[in-house]
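Ligands are counted one by one from 1 in listed order, and the atoms in each one are counted from 1 as well. Throughout, numbering of the chain's residues begins at 1 and tracks the sequence.
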Amino acid sequence: MRFAFSLLLLSAEIVYAVSSTYKFDPLKHLAGIAPYFEPQDPELDPAPPQGCSVTRAAYLVRHAAIYANDFDYESYIEPFLQKLKNSTVDWRSTRALSFLETWQSPIADQDQEQLTLVGMLEAQALGVQMSQRYLGFKAPGKVWTSTAERTVKSAESLIEGLVRKKNTTTLIQISEGEEEGANSLTPYKSCPAYSSSRGSAFSSAFGKQYTTPIIARFKSEAPSFNFTSSDIIGMQELCGYETVIRGSSPFCSLSLFPPNDWLSFEYMNDLMYHQNTGYGNPASGVIGLPWLSSTAALLMEGNSSSAQDLYISFTHRELPPTVLVAMGLFNNSAFSASNDVNATMPNTVINHRRAWQSSRILPFLTNIAVEQMQCSSFGFEAGEYYRVSVNQSPQPLPGCADGPGESCSRSRFTKYLGERQDMFGGFSAKCGTKNGNSTDVLGIYTAG
Ligand SMILES: *[C@@H]1O[C@H](CO)[C@@H](O)[C@H](O)[C@H]1NC(C)=O
Ligand SMILES: *[C@@H]1O[C@H](CO)[C@@H](O)[C@H](O)[C@H]1NC(C)=O
Ligand SMILES: *[C@@H]1O[C@H](CO)[C@@H](O)[C@H](O)[C@H]1NC(C)=O
Ligand SMILES: *[C@@H]1O[C@H](CO)[C@@H](O)[C@H](O)[C@H]1NC(C)=O
Ligand SMILES: *[C@@H]1O[C@H](CO)[C@@H](O)[C@H](O)[C@H]1NC(C)=O
Ligand SMILES: *[C@@H]1O[C@H](CO)[C@@H](O)[C@H](O)[C@H]1NC(C)=O
Ligand SMILES: *[C@@H]1O[C@H](CO)[C@@H](O)[C@H](O)[C@H]1NC(C)=O
């Protein structure tokens with residue numbers, strides 16, 4: 001039996017080595033509307049390194065999948081739907097577009113910005129995953145969320161998966177107001193140096209370029225529809241939104257949009273996010289630092305009576321990428337000895353080797369974890385170590401990976417935090433906040 005089994009395995013390996021099958025999944029390239037996935041990037045083991053056990057952890061989580069973001073809906077999807085309603089094209093006579101004859105939009109006006117059922121399920125599943133990962137942890141006394149309904153509902157769903165007795169966990173809602181300084185889970189709203197439209201002109205130049213041949217292709221099938229660049233973008237966005245509502249979408253078909261079209265859609269979004277909340281915006285690290293600093297302080301402090309084993313906070317898509325910049329992760333320039341941010345992502349040609357891929361950085365439910373570990377590993381001093389993971393993949397911190405499994409020793413982590421503070425500290429001054437009562441510190445975890 002054993003012989004037959006290993007022979008079988010062996011032959012499978014040989015076949016695999018001879019011909020690899022090309023596979024492509026558009027859902028992993030949808031940037032801010034990618035359904036949650038864990039890309040194993042890099043392929044490091046999410047389990048604690050040999051000799052280590054996790055003693056505390058903190059998570060920053062984006063809300064789960066929604067029906068449609070207002071901006072996406074109003075700018076791209078709705079105009080396309082309107083045009084489709086008015087059109088007299090006989091879609092049955094087309095090839096790739098023939099599904100439009102009967103297709104109906106899954107997004108009702110009142111559903112916009114609402115969490116989908118898949119979103120609730122995925123948030124709950126993340127809670128269960130945390131409960132299994134941190135078996136010995138106390139249920140968190142508090143979980144924090146910004147006040148928007150989609151963040152609150154995501155937090156409630158996660159709590160349902162995480163704790164069996166819900167009344168032990170209180171959900172604390174944090175104002176999304178514009179005068180909170182650094183003291184909120186939406187600090188970009190209090191930062192005048194941040195503009196939500198930054199990067200859109202730069203990225204839409206690439207959008208125009210990649211949609212031109214797609215428009216020509218669709219026009220050959222339906223000349224009277226007058227497809228525009230915005231229509232194409234709306235159709236690609238519908239792939240993501242329809243999938244998290246109905247479970248699948250004809251807009252995801254590779255015969256409608258082949259892989260090049262998805263990789264271009266993704267790159268256009270990456271350009272925007274890179275300029276908006278990434279390394280291309282000097283305000284990004286400034287906005288992200290307060291969460292890193294106060295989270296590190298919580299994990300590193302002594303065992304006070306209010307200390308939790310697990311800290312979880314829910315926010316919107318803007319905050320996680322800024323925290324990654326504050327941490328120095330997904331930096332296109334890393335190891336390059338240069339810091340020419342724009343050269344790494346031109347808006348005329350795709351840099352397929354970029355580190356900054358928004359599908360991996362800010363899909364729905366994206367989560368950044370900071371874990372404190374006690375380690376006693378071969379070849380390392382016994383003691384406290386820290387490790388960051390993004391969507392379950394460990395991410396070695398720049399200059400802070402001296403521990404087991406590329407984690408960071410407490411003393412090195414302290415030094416690293418000081419370096420990041422020197423780069424990005426001073427929220428109110430660097431943001432140019434106008435209200436005199438602004439603060440540079442995220443104090444919600446220790447308030448009350
Ligand atoms: C659809 O038709 C209506 C009525 O003729 C018109 O007012 C509207 O502008 C049209 N919309 C589009 C997107 O063509
Ligand atoms: C939570 O609910 C359970 C069952 O309803 C009850 O026995 C327990 O006392 C409650 N705990 C708190 C902290 O309110
Ligand atoms: C500053 O004052 C405004 C108006 O009273 C208040 O809403 C805001 O929370 C305050 N900000 C801070 C950081 O205390
Ligand atoms: C096609 O769309 C473009 C861009 O919106 C517009 O300028 C043009 O007038 C439209 N042409 C027709 C025939 O509707
Ligand atoms: C906190 O308590 C845990 C468990 O009792 C212990 O392992 C850890 O060393 C303590 N940490 C500090 C900083 O006192
Ligand atoms: C990105 O990497 C470059 C090259 O190592 C470095 O100079 C720069 O400071 C890094 N950016 C951030 C925000 O960490
Ligand atoms: C990078 O490009 C953007 C968009 O053109 C521009 O706003 C920004 O100033 C450039 N940054 C640098 C450092 O040249």
For F413 together with Y386, are the ring centres under 6.0 Å from each other?
yes
Please confirm whether E180 comes within less than 3.5 Å of ligand 3 when only nitrogen or oxygen atoms on both sides are compared.
yes
Hey, are the side chains of R56 and L298 touching, using non-hydrogen atoms and a 4.5 Å cut-off?
no
Counting each atom of ligand 3 from 1 as listed, which ones have a heavy atom of T439 under 4.0 Å away?
13 (C)
Taking the inter-plane angle between the rings of F218 and F257 on a 0 to 90° scale, is it parallel (under 30°), tilted (30 to 60°) or perpendicular (over 60°)?
tilted
Could I get the full list of side-chain contact (heavy atoms from CB on, under 4.5 Å) partners for F202, not counting sequence neighbours?
L271, Q275, N347
Could you tell me which atoms of ligand 6, counted from 1 in the order shown, lie closer than 4.0 angstrom to a heavy atom of R420?
12 (C), 13 (C), 14 (O)
Do we get K430 above F424's six-membered ring, with its NZ or CZ under 6.0 Å from the centre and within 45° of the axis?
no
Strictly by ring-ring contact (aromatic ring centres under 6.0 Å, His included), give each pair with a member in residues 320-351 just once, sequence neighbours left out.
none
Residues at least two apart in sequence or cross-chain that pass salt bridge (charged side-chain N to carboxylate O under 4.0 Å, His left out) with E113, listed by chain then number, are R150
Within a radius of less than 6.0 Å around CD of E74, do more than 12 heavy atoms belonging to other residues, nucleotides or ligands occur?
yes
Output the list of atoms in ligand 6 that are nearer than 4.0 Å to some heavy atom of M423, sorted by atom number.
9 (O), 12 (C), 13 (C), 14 (O)
Going by the 4.0 angstrom heavy-atom rule, the piece of F424 near ligand 6 is side chain
In Å, rounded to the nearest 0.5 Å, how long is the span from OH of Y445 to CH2 of W291?
6.5 Å
Quick one: look at N437 and ligand 3, take heavy-atom pairs under 4.0 Å, and tell me if it's side chain, backbone, both or neither.
both
Answer side chain, backbone, both or neither: which part of S338 comes under 4.0 Å from ligand 6, heavy atoms only.
backbone
Amino acids in close contact with ligand 7, where any non-hydrogen atom sits under 4.0 angstrom away:
F202, Q275, N342
